[in-house]
Amino acid sequence: MAGIQLVGVNKRYGGTEIIPEFNLEIESGEFLVFLGPSGCGKSTLLRMIAGLEPVSAGQIRIGGQDVTASAPGERDLAMVFQHYALYPHMTVRENMAFGLRNVNVPAAEIDRRITEAARMLELEGMLARKPIQLSGGQRQRVAIGRAVVKEPGAFLFDEPLSNLDAALRNRTRVELARLHQRLKTTMVFVTHDQVEAMTLASRIVVMNRGRIEQMGTPIEIYRKPATRFVAGFIGSPAMNFIDAIPVAAEADCIKVRLADGTELQTGVPTQAARKDAKLVAGVRAESLTLDDASPVRGRADVIERLGERTLVYVTLSNGHSVVAQAHRESPVASGDLVGLHFEPEHVHLFDEAGLAWHAA
Amino acid sequence: MCICLMKPGLPGMPHKGAAMTTTLSALPAAARASSQPKVKGVQHWSNALFVLPFVLVYIALLVVPVVTGLWLSLNDVDVLSGDRAFIGLANFARLWHDDIFRGAIRNTFLFVLMTTPAFVALGLALALALNRQDRVGTALRTIFFGSSVLSVTIVTLVWRLVFMTDKGLLANVMHSLGLASINPLTSSALALPAIALVTVWWIIGLPMMLFLAALQQIPEEIYEAAAMDNAGRWRTFWSITLPQLRKTVALVAIIEVILQFQLFGQAQLMTNGGPNNSSRPLVQFIYEAGFQQWALGYSAAAAQVLFGLMLIGVALQMWISKRGQTQSGEST
Amino acid sequence: MSARQHAGRRMGDHLILAAVMVLALLWIAPLAWVFALSFKPNAFLAQHTDVVLGAPYTLKNYTDILGTSSVFRWIANSCIVSVTQTLLTLVLCSLAGYGFARTAFPGQKALYVFVLAGLAVPEQAVVIPLHRLFADLDLHNTYSGLILPRLAAPFGVFLMTQYFKAIPKDIEEAALLDSTPRWKIFLRIVLPLSIPAQATLGIFTFLTAWNDYLWPLISASKPDMYTLTLGLAATQSNFAQSEGIGYLMAQAVFAGLPIFVIYLFFQKHIVSAVAGTTVR
Ligand SMILES: Nc1ncnc2c1ncn2[C@@H]1O[C@H](COP(=O)(O)OP(=O)(O)OP(=O)(O)O)[C@@H](O)[C@H]1O
Ligand SMILES: [Mg+2]
């Protein structure tokens, strides 16, 4: 089990800088998820940790040792690839044994580890098969098994679930969580799927254009997104953003005038926020509910009934569209005029630099 | 790609990643391929060891001979005494005035003009007719392609027997039709066309297979859409199939030009260039000048002419390939 | 499409197929004729060549070949030359293809272009210098003399490089993480994965070597060193005063049969190798 440190890591391809300067301390035993939009450099980062991609500058340490110049095989890591990368001409057993034989693990030990991994991943009947004879989910389990038998200091995953269908993805996700609980080994997981990140991570690193946007537990990131980018990226449906300007402060909390002219009392402490002329108010659908008494009014145009709740897409009087949440059996119908209630303690304000201010 | 070094028998490309369970990354392949795991300069030079054996053979047996050949073409070489004298372009000047050489050039061009259209038209026609997945299709393809695997000496032996004066298969057929028999190989007018016929018979399989492969790339839906639009057989061929095959037609044509420029064995074995030099091709001229008259410099000069002509062909081929690629790139 | 049109189209399909079948019959007629007559006595053939079916039959033409000619020696030579050339080509081209496709070293790109330029060189442009070179090295009329020149053809390198490039990189990366040394990645991972390409290149090289004519004609002047292809040329050079038509026909059949059997056996591979050539 090993912690991983990235110190001033920089990556450029020719003239283009993909990762300007990256500093991160991954703790031993944690499940760390890199989350970010496509092309933000997640895979590059992971591959640099693995040694598959050289760093342009900076240092990578694993278990306290500088491995920046070490070959991939010397880093005591195992990686699970997006497309599995199983050796197609080897059986499942050979796939798992290959890496162990290369470092001269005794045959009996290899057998023991394979048997155990196969039991854990329910691959027992399949050890003699070739990858081509397995389903997608089984292949993915073999890829995980191949990593597990190495008993590495840390696991690296590059979007390992993105090739699976929805049901299988959920199941494998749970298996991975279970695996981490059992092994307690450091895991670094790359994804652009926020649900995977929220459910698996003990800590999430949200990335944008090669930089860290925010780092924290899933709940921290969900409750208190540090920037507008994070707020918009995490959560489904995406957070509503409404232009707002601050009006004379009453009491301790900021009051803003929304774009449609109505005023809104937030829970954001007055002294916390910079006095920017323009702000953006952000509120998630779950904190925006239907309330006929509210002065903020609009017309419901699309109703999505998800079973456990109902999403209502509302066009405000200024043409702005927001999504609110209603009770699962709410009688609201398309075309209805509705009022919207903002829960003040869940309204976020973003200044012009995109930084967030939250209710106390 | 070029197959000019090859006898008809032929090259192939792998089915990309056929054995793989995975697909290629969505990243640009070139970008990926260049980002090799290089760990701080280790292994740099040692990787060249992989290519070293081939490169040595290549330099010794191809590059050096090409250069030597160029140099020889500027010299007068006497094989017996081993004397050699630099004579500049005199060999080329002599070629220019050599009637036999000019005849050989003329024959070669005529031969290419006779065979290439036949390869394209017949190859395409056969491919269209045999583009079917049943046993009949397989059997017929086996027949039309089968002769390609025979060596030139077998093919010429068979056809010399067929063309035999009075007793050949051709003579028999003509007799039974009440015609006077002829042996085309003994007629200056018919010798070259006869060699062309034999050549088409021999290796029609290559263009046929190239067209078949291209036909199978055309998505079935297009034909279904055409059927919905009430397009008949000809209409479908002219407005659907042929436009999709444009690039393949061009490539098959150019490949055949390159291949047929190298005509040698058929002519040498069936007519030995005769009668009256009416069927002597360029390569046979090179062979005879070099290895029967031992005029090495002169022969090398003729070889440079062939080389030059083929370079034009290869350049054309690459140009068409490139154009085809960008076209298909745009459409996807 | 109306039912009438549909029926018309079906008719057309049948007509086309019938026409192609007739053409196919014409196509095999020369071979069938030679094959059938090769079983007739020479004396009979001196009189008639128009009686294809029916007596008399004889195997004498074939026993004559087996008894008198050097045909076995030539077959052996062809086998030695073709097999050796195929194996050496596979080794050289696999190594070079891997080096070009999957490793990095200074000057790699330029070297690859330099090698591919060789695709444009026709064999005939180098036979004279090669002949002199091999004469100086005293390699004419040896197996090495027959085998070596074609090893320099860059086509195989091109083919293997293309193929290796298409193998997903993450498999190799997985092997790197499994502490696999370079040579072992090549031998244990990449090479087994390239078997389809090896088969294509192997079959192609074998056929080319087996059917090669110009270079053996130039290099092998002693009948003992003839390949089968070359030997057959030698026997037909004195076509007129040969031992008889039947004997010649039997020779054609005898020489063609091995390669034809190989063709029928590997047909799928040969055809798919050729079909894959669709020059992209
Ligand atoms: N070999 C390369 N040469 C040049 N640019 C590259 C190379 N590899 C990756 N990049 C660029 O680096 C950036 C980051 O790529 P990376 O693969 O790390 O993205 P990612 O966050 O993993 O995205 P995804 O979620 O789509 O996998 C991208 O903009 C990509 O175009
Ligand atoms: Mg990625």
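Sequence lines set the chain letters: A, B, ... in the order given, protein chains first and strands last, and positions in each chain run from 1.
Using a 4.5 Å cut-off between heavy atoms, B:Q268 contacts chain C through its side chain alone, with no backbone atom that close. In this structure, chain B has no heavy atom under 4.5 Å from any part of C:L88. With a 4.5 angstrom heavy-atom cutoff, B:V198 does not touch chain C via any of its atoms. Neither the backbone nor the side chain of C:M160 comes within contact range of chain B; no heavy atom of the residue lies under 4.5 Å from a heavy atom of that chain. The part of B:R132 that comes within reach of chain C is its side chain, from C-beta onward, which places non-hydrogen atoms under 4.5 angstrom from that chain. Contact of B:V173 with chain C is not made at all, since no heavy-atom distance falls under 4.5 Å. Contacts of B:F307 with chain C are made by both backbone and side-chain atoms, with heavy-atom separations under 4.5 Å. With a threshold of 4.5 angstrom between heavy atoms, B:V155 does not approach chain C through any atom at all. When heavy atoms are compared at a cutoff of 4.5 Å, C:L151 approaches chain B by way of both its backbone and its side chain. With a 4.5 Å cut-off on non-hydrogen atoms, C:P149 touches chain B through its backbone but not through its side chain. B:F264 touches chain C through its side chain: at least one heavy atom from C-beta onward sits under 4.5 Å away, while N, CA, C and O do not. With a threshold of 4.5 angstrom between heavy atoms, C:V127 approaches chain B through its backbone and through its side chain. Contact annotation for C:I262: neither backbone nor side-chain heavy atoms come within less than 4.5 Å of a heavy atom of chain B. Contacts between C:V20 and chain B at a heavy-atom distance below 4.5 Å involve backbone atoms as well as side-chain atoms. For a residue to count as touching a neighbouring chain, one of its non-hydrogen atoms must lie under 4.5 Å from one of that chain's; by this rule B:W71 does not touch chain C. Residue contact with chain C, scored on non-hydrogen atoms closer than 4.5 Å, involves the backbone and the side chain of B:I143 alike. For a residue to count as touching a neighbouring chain, one of its non-hydrogen atoms must lie under 4.5 Å from one of that chain's; by this rule C:V115 touches chain B with backbone and side chain alike. With a 4.5 angstrom heavy-atom cutoff, B:L128 does not touch chain C via any of its atoms. For a residue to count as touching a neighbouring chain, one of its non-hydrogen atoms must lie under 4.5 Å from one of that chain's; by this rule B:A139 does not touch chain C. In this structure, the portions of C:I128 lying under 4.5 Å from any heavy atom of chain B include both its backbone and its side chain.
Across all non-hydrogen atoms, the minimal contact from B:L157 to C:L248 is CD2-O, 3.6 Å. Taking every heavy atom of both residues into account, B:F54 and C:L92 meet most closely at N-CD2, 3.8 Å. When all heavy atoms of C:A233 and B:T153 are compared, the closest pair comes out as CB-CG2, 3.4 Å. The two atoms that bring C:F134 and B:L61 nearest to each other are CE1-CD2, 3.8 Å, heavy atoms only. Nearest heavy atoms, B:L62 versus C:G118: CD2-CA, 3.9 Å. Of all the heavy atoms in C:A125 and B:A303, the pair that sits closest is CA-CB, 4.0 Å.
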Between C:Y213 and B:L269, does the side-chain contact (heavy atoms from CB on, under 4.5 Å) criterion hold? Intermediate values first, please.
CA-CA 11 Å; C:Y213 178 57; B:L269 289 164; 3.4 Å; yes

Any chance you could lay out the side-chain contact (heavy atoms from CB on, under 4.5 Å) test for C:L45 and B:K167, step after step, and finish with the verdict?
CA-CA 9 Å; C:L45 288 176; B:K167 286 193 288 190; over 6 Å; no

Test log, rule side-chain contact (heavy atoms from CB on, under 4.5 Å), inputs C:M21 and B:V136
CA-CA 9 Å; C:M21 282 173 155; B:V136 182; 3.6 Å; yes

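Of the listed residues (B:L169, B:L282, B:L72, B:L212), the one with the most heavy-atom contacts under 4.5 Å to chain C is B:L169. Ranked by heavy-atom pairs under 4.5 Å with chain B, the list C:G99, C:A252, C:P30 is led by C:P30. Counting heavy-atom pairs closer than 4.5 Å to chain C, the top-ranked of the candidates B:L56, B:V283, B:L311, B:I286 is B:V283. Listed options C:W210, C:W183, C:Y112, C:Y98 were ranked by heavy-atom pairs under 4.5 angstrom with chain B; first place goes to C:Y98. Looking only at heavy-atom pairs under 4.5 Å with chain B, the residue among C:T229, C:V126, C:V34, C:I259 that has the most is C:T229. Ranking B:W201, B:F261, B:W159 against chain C, the residue ahead of the rest is B:W201, based on heavy-atom pairs under 4.5 Å. Contacts with chain C were tallied for B:G69, B:A300, B:G146; B:G146 has the most, counting heavy-atom pairs under 4.5 Å. Here B:T156 is the residue among B:L126, B:V305, B:T156 with the most heavy-atom pairs under 4.5 Å with chain C. Among the candidates B:V158, B:L52, B:L70, B:I59, the residue making the largest number of heavy-atom pairs closer than 4.5 Å to chain C is B:V158.
A distance of 10.0 Å separates CG in B:L150 from CG in C:L257, rounded to the nearest 0.5 Å. Rounded to the nearest 0.5 angstrom, C:W27 CH2 and B:I204 CD1 are separated by 5.5 Å. Taking OG1 from B:T142 and CD from C:Q267, the interatomic distance works out to 3.5 Å, rounded to the nearest 0.5 Å. Interatomic distance, C:L31 CG to B:S147 OG, rounded to the nearest 0.5 Å: 7.0 Å. Atoms CZ and CG, on C:R102 and B:N47 in that order, are 13.0 Å from each other to the nearest 0.5 Å. Note: C:F105 CZ to B:L49 CG = 9.5 Å, rounded to the nearest 0.5 Å.
Using a 4.5 Å heavy-atom cutoff, the side chains of C:I245 and B:M164 are in contact. The side-chain heavy atoms of B:L140 and C:L17, taken from C-beta on, include a pair separated by under 4.5 Å. Side-chain contact between B:L122 and C:L23: present, with at least one pair of heavy atoms (C-beta onward) separated by less than 4.5 Å. Contact annotation: the side chain of C:L95 never approaches that of B:V51 to less than 4.5 Å [non-hydrogen atoms, C-beta and beyond].
Between the side chains of B:Y287 and C:Q124, not a single donor N or O lies within less than 3.5 Å of an accepting N or O.
By the 6.0 Å contact criterion, CZ on B:R141 is enclosed, its count of non-hydrogen atoms from other residues, nucleotides or ligands being greater than 12. Other residues, nucleotides and ligands place no more than 12 heavy atoms under 6.0 Å from the CZ atom of C:F35.
Ring pair C:F186/B:F50: centre-to-centre distance below 6.0 Å.
A donor-acceptor pair is defined here as one N or O able to donate and one able to accept, closer than 3.5 Å; such a pair exists between the side chain of C:N211 and the backbone of B:V149.
Relative ring orientation between C:H131 and B:W294 is described as tilted, the plane-to-plane angle lying within the 30° to 60° band.
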